[in-house]
Structures are given as structure tokens and as C-alpha cells.
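Presented below is the structure to which this report refers.
Values in this document were obtained by computation on a predicted structure and should not be read as measured data. All values below were derived from every heavy atom in this structure, side-chain atoms included, with hydrogens, water molecules and symmetry-related copies excluded.
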Amino acid sequence: MLYNSTENKNEVVSAAQAISQGISKDGGLFVPQELPQYTLDTIKTLLPMSYNERAKFVFADFLSDFTSEEIADCVDSAYTKEKFGSDCPAPLVTKKYNGNEINIMELWHGPTCAFKDMALQILPHFLTKSLKKKYDGKTAVILVATSGDTGKAALEGFKDVDNTKMIVFYPEDGVSPMQKRQMNTQKGNNVNVCAIKGNFDDAQTGVKKIFTTEEIVKLLNDNNMLFSSANSINWGRLLPQIVYYVSAYCDLVNDNKINLGDKINVVVPTGNFGNILAAYYACCMGLPINKFICASNKNNVLTDFINTGVYDKNRQFYATASPSMDILVSSNLERLLYMFSGNDDKLVAEWMTQLKTTGKYEVTPEVKEKITSQFFGGYCDDDNTKSTIKKLFEDEKYLCDTHTSVAINVYNQYVEKTGDKTPVVIASTASPYKFSHSVLEAVSPELICDDEFEMVERLNKVSGAEVPKPIAELKNLEVRFNNVTEADKMPEYVKNTLGI
């Protein structure tokens, strides 16, 4: 299995190099040259397996330069009962909303209570093994732009990992108080956290620019370092996400919710497009998926793109109750465009240049037709986000976070519009306690107060939903990082932090 850059398919690398490097030299993203093909017989062999066994099976098809022992070590070190609370890190919970059965895939049982743990607990193991294969002796400098969850999950995954240094940038006013505290209390001698004056897109653009700045790359090389990424632009981040869609399908068959071969719908609340793209890759590999329902908040750039074929980030940016999706530049969409354009790297590079220079691009009619035939785009504002949380709690006594609520609301829109009641898996991306203010406001607004941890306790009393241990312990942790920088000063911040 080899990998190409979406913006220069003449650049061909191994899995280990794609993971180590994170992003192509030209700024493109690495994608597999071909996808493994799974028949129903293949899926049948996965049915009796545990989550970890399914993960090893899938990874073996993508990481051909890793030994089976190396893959097993990565998986068994990442997905432990101690970290995820059970042998199944991505359990399915079945509820009803508006009379429709929904299978909620809870992806937030890891150490930071967000779906990013599913990838970022294993990425450090992928990366350290990849570095030994390709860049033995070098220190990987991992730069992360986060809208909230990636930052903490990356920090937790990489803390005190040998031969790595990590710097996380987040928008100063664009994350929840709980997300900010999770990052700023992070332990580890090799990690650093800094807020930027700007939004997530400013942070993401800044990180991508630093990656491709020759002066900084040379400075790193002179100091025996190289850049890598823990954002979903890194293939090692996206690959683990494919596994949980495959595993969820197997669980539905085992639970007699569907028969082997039946199609399902998948609903994903997404801003950067990586989580839903992983589901699409799983479908291309042979997983029977009927429709990909892309759920956005008021920053509905993806909704408009799916419906019109025009990607236009020139619009008002909103800080919403679902901040992890407050994004106007969806990095992983580039990978889908590469596939849908017939691997036309020059066309993709042209679109990405237009996005950087004018803030918009329009895909060809052929690409638009492929998108609209397979994807449904919808969005949900904050009022509807909170009313959906309230209704689900009142009807089912089930508490969900704001991002999961967006997904449920958009799924309801989809059913009302199409009448399609194909069995569905809804990706639940965070614990409700990460967004206690918004969730409490939805279920018991009279209990809102100024103390984030007091609201956690009040939400627990109202709902009976268990407070995850990592959140309960946050209150007493020491704040280590209070750094703030201008977005255009990010390169200087990196150089000063690394001492180069």
C-alpha cells in the first residue's frame, strides 16, 4: 500500500512516511493509491471479533510496511479497558427520536471524553514506529490546530512520548471553558499550549503555512527535527476512524438490528470533514452504506457546498454551542475531491489555490453530481440544538452533547424530507459534560451559574448521567499554560518554544 499527494500524485510514499511527514511537501494530503476491497464474506469473518481484532485486520491492509506484531502492539496499547472503560471503546446505544429508532455510536469513552481519542490514542504508537523506520534519531515536532477536542486528545496521547514535541494552538474565544481547562492543565514535559487571537481557521491556516515555510523546515532539519501533524490531515489520524464504522456495522448485525448485506445510513456532525470521510472510505471498501448525512451547525459551509457544488468561506463566522464544528475551511474535503475528480491532482491543486486566494471554488458538474447523489447536507442552529437535547432527554432520559444533538436534528430533517428510514448510525462525538453550560441550558436553564464545575454537578443531579472521571478530576488540576499570540506570530512562537 502506497500513498499519493492530492496535489501532486507523482509524490509517492509509504504508510510510515505518510504518517511521519503528516502533510505533503506541496501542501497536499496523503491518500492511499487504492483501497482494500471487503466482500460480505470478509465482513462475516469480522463479526465474531473484538473491536481490537477488527482494528488489527483493517490496519494490516493499509500499513503494509508494519509487521503484524507492530500493528498488534499499537492497537493493544491504545484501546485498553483502563483508557476506555470497557473492551468496546465505541459502543452503540439504541434510542428513539420522533418515533424513529437511532443507533448512537458513543465515541467519547476515552481519556479526554471526545471522539478524537479513538485516533489520538493510537497515533503516537503509529508515529513512533514510523519515525524509527524512516527518520530514526529525529525528534518529531507535532503542530496542532484545534477547535477544542483534537488539542486535548493529542496532548494526552503524546505526553512524554520519546522523540516528540507538541505545540497546540487554539482560538482564544472559540472553545468551551471545559475544553480550555483540559488543554491548559495538561501534564507532560514535551507539550506546549497557546491560544491565538482569531478563530480556528486562522489557527489551521497558520499551522499549514508553518509546515511549508522553507526557513523553518531548514531550521528544524539543522536541529535534527522534523514536522509532523496530529490533525486529521495526517493519514494516521483518519485511518483509525474507518475502523469504528466497520465495527459498528458488525455490531448491528450481531445485535440482529440488520442482516448481513443490509445497507445503513451514517450521520456525522462534522466541520473538518474527516469523520464523515472515514465513513465514505469504509463504504468504498465494501461496507454497505446508503447515504452519508453531513450535519453542520450555523457555520454551514459544508451544507451549502453539498447542495450547490460551490465552496465559499466568505461568510460570517459564528461562535456556536457546538464549537468543535465552528470551521469554515474543511481540510479533509480535499481528499474526497481527489477521489471524485478521478484523482486529478492538478484540478484539486487549482481548487485549493482558489480557496486560498479568493476564498471560494466551484467543482465540475460531474463532481457535484457524485456529491449530491451520496451525501445529504443539513444544518442546525443553537436554538434547535438545545431543543433537540431537551426532547431526547425528556423522551428517553438520554443526555447528549451539542454536537451529537446537531447530528440527531439534521437526521430528523433528512427523514422528514426523504422518508428514508434505513437503519442509521449516528456518530456521538463528545460527552455532554464537556459542554455543561449549553446542555444544562437545554434541560434545566434555571440551574445555570457562572461556575463550570458547579454546572457539571447540577447537570449530574438533574440527569443521573455519570460524570466521566477525567472531567471530575479537572477541577483540582494546576493551570500550566496561559500563553496567547497573534495568528501571524505563530511561526515565532514555534521557533521560541523549540529554542531554534
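- In this model, no donor atom of one side chain and acceptor atom of the other lie less than 3.5 Å apart for N275 and T270.
- Judged purely by atom type and a 3.5 angstrom limit, R237 uses its side chain to pair as donor or acceptor with the backbone of A230.
- Under the side-chain contact (heavy atoms from CB on, under 4.5 Å) test applied with V348, the options R335, M339, E334 reduce to a single match, E334.
- Residues that satisfy the ring pair (Phe, Tyr, Trp, His ring centres under 6.0 Å) test with Y414, not counting sequence neighbours, are F376.
- Pairs of residues two or more places apart, or lying in two chains, that qualify as ring pair (Phe, Tyr, Trp, His ring centres under 6.0 Å) and include a residue from residues 195-215 are F211-F227.
- Residues D202 and F169 fail the side-chain proximity criterion, which asks for heavy atoms closer than 4.5 Å.
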Before you tell me yes or no, could you show the steps for L143 and S229 under side chain to side chain contact (heavy atoms under 4.5 Å, CB included), namely the whole-Å CA-CA distance, both residues' side-chain angles and the distance that decides it to 0.1 Å?
CA-CA 6 Å; L143 299 187; S229 171; over 6 Å; no

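- Between V329 and N272, the closest heavy-atom pair is O-OD1, 3.3 Å.
- A heavy-atom distance below 4.5 Å is not found between the side chains of M105 and I426.
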Start with the C-alpha gap between S130 and Q17, add the side-chain angles, then the distance that decides, and say whether side-chain hydrogen bond (donor to acceptor under 3.5 Å, both in side chains) holds.
CA-CA 7 Å; S130 296; Q17 189 168 342; over 6 Å; no

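- Proximity of a side-chain donor or acceptor of S444 to a complementary backbone N or O of L440 within less than 3.5 Å is not detected.
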Output, in order, the C-alpha distance, side-chain angles, deciding distance and verdict of side-chain hydrogen bond (donor to acceptor under 3.5 Å, both in side chains) for D26 and S5.
CA-CA 8 Å; D26 52 50; S5 163; 3.1 Å; yes

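- Looking at residues two or more places apart in sequence or on another chain, you find no side chain to side chain donor-acceptor pair (under 3.5 Å) involving Y361.
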Stepwise side chain to side chain contact (heavy atoms under 4.5 Å, CB included) check, W351 with E7
CA-CA 10 Å; W351 286 332; E7 296 183 34; over 6 Å; no

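- Between the side chains of N460 and E466, no donor-acceptor pair is found at a separation under 3.5 Å.
- Applying the ring pair (Phe, Tyr, Trp, His ring centres under 6.0 Å) test to W108 and every residue at least two apart in sequence or in another chain returns nothing.
- Using a 4.5 Å heavy-atom cutoff, the side chains of V456 and M178 are in contact.
- Judged as a salt bridge (Lys or Arg N to Asp or Glu O under 4.0 Å), the pairs with a partner in residues 153-171 (not counting sequence neighbours) are, in order, K152-E156, E156-K159.
- Considering only heavy atoms from C-beta on, Y398 stays 4.5 Å or farther from P432 through its side chain.
- For T402 (side chain) and A321 (main-chain N/O), a donor-acceptor pair under 3.5 Å exists by modelled atom type.
- With S176 contributing its side chain and Q179 its backbone, the two residues share a donor-acceptor pair below 3.5 Å.
- Across all their heavy atoms, L392 and C400 have their closest contact at CD2-SG, 4.0 Å.
- Counting heavy atoms from C-beta outward, H109 and P89 have side chains that stay 4.5 Å or more apart.
- In this structure a side-chain-to-backbone donor-acceptor pair under 3.5 Å is missing from T213 to I216.
- Checking I327, L328, L333 one by one against L302, the side-chain contact (heavy atoms from CB on, under 4.5 Å) holds for a single residue, L333.
- Heavy-atom minimum distance, S431 versus P468: OG-CG, 3.6 Å.
- Sequence neighbours left out, the pairs with a member in residues 487-499 that pass side chain to side chain donor-acceptor pair (under 3.5 Å) are N192-Y493, E215-K495, N483-Y493, E492-K495.
- Put simply, the side chain of D117 never gets that close to the backbone of A153: no donor and acceptor are under 3.5 Å apart.
- A salt bridge links E394 with K390: at least one charged nitrogen is closer than 4.0 Å to a carboxylate oxygen.
- Every residue meeting the ring pair (Phe, Tyr, Trp, His ring centres under 6.0 Å) condition with F84, not counting sequence neighbours, appears here in chain and number order: Y79.
- Put simply, the side chain of N190 gets close to the backbone of F158: a donor and an acceptor are under 3.5 Å apart.
- Looking at every heavy atom in both residues, P269 comes nearest to A427 through CD-O, 3.3 Å.
- Closest approach of A18 and N234 over heavy atoms only: O-OD1, 4.1 Å.
- Contacts classified as salt bridge (Lys or Arg N to Asp or Glu O under 4.0 Å) and involving residues 428-449 (residues at least two apart or in different chains) are given here: D149-K434, K386-E441.
- In terms of the ring pair (Phe, Tyr, Trp, His ring centres under 6.0 Å) criterion, residue partners of Y280 (sequence neighbours excluded) are, by chain and number, F292, F340, F375.
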Does N409 form a side-chain hydrogen bond (donor to acceptor under 3.5 Å, both in side chains) with N412? I'd like the steps, not just the answer.
CA-CA 5 Å; N409 184 282; N412 191 59; over 6 Å; no

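- The closest side-chain heavy-atom distance from N332 to I276 is not below 4.5 Å.
- Applying side-chain contact (heavy atoms from CB on, under 4.5 Å) to E172 and the options T485, V484, I196 leaves one that passes, V484.
- Residues I142 and T164 have side chains in contact (heavy-atom distance under 4.5 Å, counting atoms from C-beta outward).
- Under a 3.5 Å cut-off, the side chain of T303 and the backbone N or O of G378 do form a donor-acceptor pair.
- Evaluation of the side chain to side chain donor-acceptor pair (under 3.5 Å) test over residues 304-314, restricted to residues two or more places apart or in two chains, returns D304-R315, Y311-S330, D312-N314.
- Between F62 and W235, the ring planes lie tilted relative to each other; the angle falls in the 30° to 60° range.
- Using modelled atom types, one finds no donor on one side chain facing an acceptor on the other under 3.5 Å when comparing T112 with Q182.
- Contacts of S438 classified as side chain to side chain donor-acceptor pair (under 3.5 Å), with partners at least two apart in sequence or in another chain: none.
- Scanning for salt bridge (charged side-chain N to carboxylate O under 4.0 Å, His left out) contacts around R458 gives E454, with sequence neighbours left out.
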Yes or no on side chain to side chain contact (heavy atoms under 4.5 Å, CB included) for Y170 and M183, after CA distance, side-chain angles and deciding distance?
CA-CA 9 Å; Y170 69 91; M183 288 186 281; 3.7 Å; yes

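- Of all non-hydrogen atoms in V144 and A154, the two that sit nearest each other are CG2-CB, 4.2 Å.
- A heavy-atom distance below 4.5 Å is not found between the side chains of I19 and F30.
- Under the 3.5 Å distance criterion, the side-chain polar atoms of S405 are left unmatched by any main-chain donor or acceptor of D401.
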Test ring-ring contact (aromatic ring centres under 6.0 Å, His included) applied to H403 and F115, step by step:
CA-CA 11 Å; H403 305 77; F115 81 104; 8.8 Å; no

Show your reasoning for whether side-chain hydrogen bond (donor to acceptor under 3.5 Å, both in side chains) applies to D326 and N297.
CA-CA 8 Å; D326 290 348; N297 61 23; 2.9 Å; yes

